[in-house]
Structures are given as structure tokens and as C-alpha cells.
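Written below as C-alpha cells is the structure these notes are about.
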Amino acid sequence: MARSRRLNKAIVVEAAASLIDAAGDPAALSLKTLAAALGVRVPSLYNHIEGLDGLTRAVALWGLHQLLMDLRNAAVGKAGSEALIAVAHSYRAFAQAHPGVYLLTLRAPATDDAEMLATANELVGLLLLLLAPLGLDETDALHEVRIMRSFLHGFVSLEAVGGFGLPLERDETFQRLIDRYLHTFAVKKP
């Protein structure tokens, strides 16, 4: 008789994240595929997750937490533009390493999901901390977080779908994008 594999929620979520990343698409995940990958039957998964929707939410939370940790680690010991550059490169590296899970981190959390909101707020708080030396008021700083997220997402999304066909080094283009973004703070507004 085959020995039963010990599972816990973390193992199930990380296996689902791996399948999503391998497919590059969260919609490719099914409980049947996950169960097969874990060597269990589908009903065994319900001991650890609340159906496919619950699993998708758990993977999104896992991804958001991973992104937060990656960005936090990138910023450690750095300040000002050096920290922003490190965070931008870390964001891109996360999107490249986790193409499917990355897509799950994009949606704003539901207002009734306290755990997801807390993690998203930590991420925003980290970015606000990095932008603090600019002396922006709270509203302007939040707009700046949106702007930063938008330019980073635009680049990594185009890169992920093969949107850069010209024979130019993408790393250089990415660095120029970051430099251009940072330059806007050096230019005085009228």
C-alpha cells in the first residue's frame, strides 16, 4: 500500500504557486492538477484549503508576502535613490521568477480581507518610507507609489509577453527607465 504524503497548508500553497508560475497563468491551476502534483487525491486538499478560490487567495497572499520580503531585503542598508533602484530591480526579479504568482499580486485586496490588507499596507508602507526623503505630503506620496508601481508593472509586463523585440539590452532599458523616474525628482516643478 502506498504511503500517504504528509501535507500542510504551506506545502499545498507553495506547490500551487509553483504550478501557477510554471504555467505563467493563475487560471491554469486546478485542484486535480495540484493533487496529482502532490501525489494525493483531490479530497485530501480540502483539509488544508477552502476550494480553488481559497487556494488562489492563499497563493496571492503568499506572493504578496514574498514580494514584500524581497523588496524589504533589497532596501536593507540603502537609502534614497540607491534604495529605490534596488527595490525596482527586486520587483522585476520577482516578476521574472514568479510570472504567474506575480499576476495574483496586482489586484487590490478586498476590504474585508484583513490579512491581505495588512500585507498590502506593509508593502505600501515600505515604499512610502523609501519616498519619505522627498518630503511629499501623504497624498502626493501615495500617488507616487502608484506611479512607481505603474512604470515597473508596465516594463515587466511587456517583457513577460515578449514585447521588446528590438535587439537592445533590456537591462539597460530598465536602468534608463529607473534613471528617468529618479530624474523627475531632481527637476523642480513650476
Side-chain angles (χ1 to χ4, degrees), residues 1-76 86-130 142 145-146 148-163:
M1 180 172 211
R3 196 170 133 210
S4 175
R5 180 170 182 183
R6 289 207 173 263
L7 293 181
N8 60 40
K9 186 174 182 177
I11 290 171
V12 171
V13 170
E14 288 179 25
S18 293
L19 290 172
I20 288 170
D21 283 336
D25 181 4
L29 181 65
S30 73
L31 295 181
K32 182 178 177 183
T33 304
L34 178 60
L38 290 169
V40 300
R41 294 180 23 220
V42 171
S44 299
L45 296 175
Y46 285 94
N47 293 322
H48 310 286
I49 57 156
E50 296 178 18
L52 187 57
D53 288 342
L55 176 61
T56 302
R57 181 229 172 249
V59 173
L61 180 61
W62 178 88
L64 200 57
H65 186 262
Q66 292 300 124
L67 178 59
L68 173 62
M69 293 299 101
D70 288 358
L71 298 186
R72 203 179 263 160
N73 289 337
V76 168
V87 162
H89 283 284
S90 183
Y91 185 95
R92 180 181 177 211
F94 177 85
Q96 290 171 334
H98 301 286
V101 172
Y102 169 72
L103 297 174
L104 291 174
T105 68
L106 298 176
R107 184 177 292 263
T111 56
D112 62 346
D113 189 335
E115 192 176 17
M116 191 76 84
L117 275 171
T119 305
N121 287 339
E122 275 189 73
L123 186 54
V124 170
L126 171 65
L127 297 175
L128 289 173
L129 185 63
L130 296 175
L142 288 170
V145 167
R146 279 185 174 174
M148 183 188 316
R149 184 176 177 221
S150 296
F151 88 76
L152 290 172
H153 174 67
F155 189 93
V156 300
S157 296
L158 286 168
E159 186 174 43
V161 298

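Here, residue 1 is the first one in the sequence, and each next residue gets the next number.
When every heavy atom of Leu117 is checked against every heavy atom of Pro109, the shortest pair comes out as CD2-CG, 3.7 Å. Closest approach of Val13 to Val59, counting heavy atoms only: O-CG2, 3.8 Å. Considering all non-hydrogen atoms of both residues, Lys32 and Val42 come closest at CA-CG2, 3.7 Å. In terms of heavy atoms, Ser30 sits closest to Thr33 at OG-OG1, 2.7 Å. The two residues Ala15 and Leu38 have their closest heavy-atom pair at CB-CD2, 3.6 Å. In terms of heavy atoms, Ala28 sits closest to Ala23 at CB-CB, 3.4 Å.
With a 6.0 Å radius and a threshold of 12 heavy atoms from other residues, nucleotides or ligands, Asn8 has its CG atom above the threshold. By the 6.0 Å contact criterion, NE2 on His65 is open, its count of non-hydrogen atoms from other residues, nucleotides or ligands being 12 or less.
Expressed to the nearest 0.5 Å, how far NE2 of His89 lies from CG of Leu71 amounts to 12.5 Å. Annotation: the span from Leu158 atom CG to His153 atom NE2 amounts to 8.5 Å, rounded to 0.5 Å. Rounded to the nearest 0.5 Å, atoms CG (Leu34) and CD1 (Ile49) are 6.5 Å apart. For the atom pair CG (Leu29) and CD1 (Ile20), the distance works out to 4.5 Å, reported to the nearest 0.5 Å. For the atom pair CG of Leu61 and OG1 of Thr119, the computed distance is 5.0 Å after rounding to the nearest 0.5 Å. Residue Arg92 holds its CZ atom at 4.5 Å from CZ of Phe155, rounded to the nearest 0.5 Å.
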Before you tell me yes or no, could you show the steps for Glu50 and Arg57 under salt bridge (Lys or Arg N to Asp or Glu O under 4.0 Å), namely the whole-Å CA-CA distance, both residues' side-chain angles and the distance that decides it to 0.1 Å?
CA-CA 10 Å; Glu50 296 178 18; Arg57 181 229 172 249; over 6 Å; no
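Between Arg149 and Leu106 the shortest side-chain heavy-atom distance falls below 4.5 Å. Counting heavy atoms from C-beta on, the side chains of Leu31 and Tyr46 come closer than 4.5 Å.
A side chain to side chain contact (heavy atoms under 4.5 Å, CB included) with Val87 holds for exactly one of Leu130, Leu152, Asp70, Asn73; it is Leu130.
Looking only at distances, no side-chain donor or acceptor of Ser157 sits under 3.5 Å from a matching main-chain atom of Gly154. Between the side chain of Ser150 and the backbone N or O of Arg146, at least one donor-acceptor pair lies under 3.5 Å.
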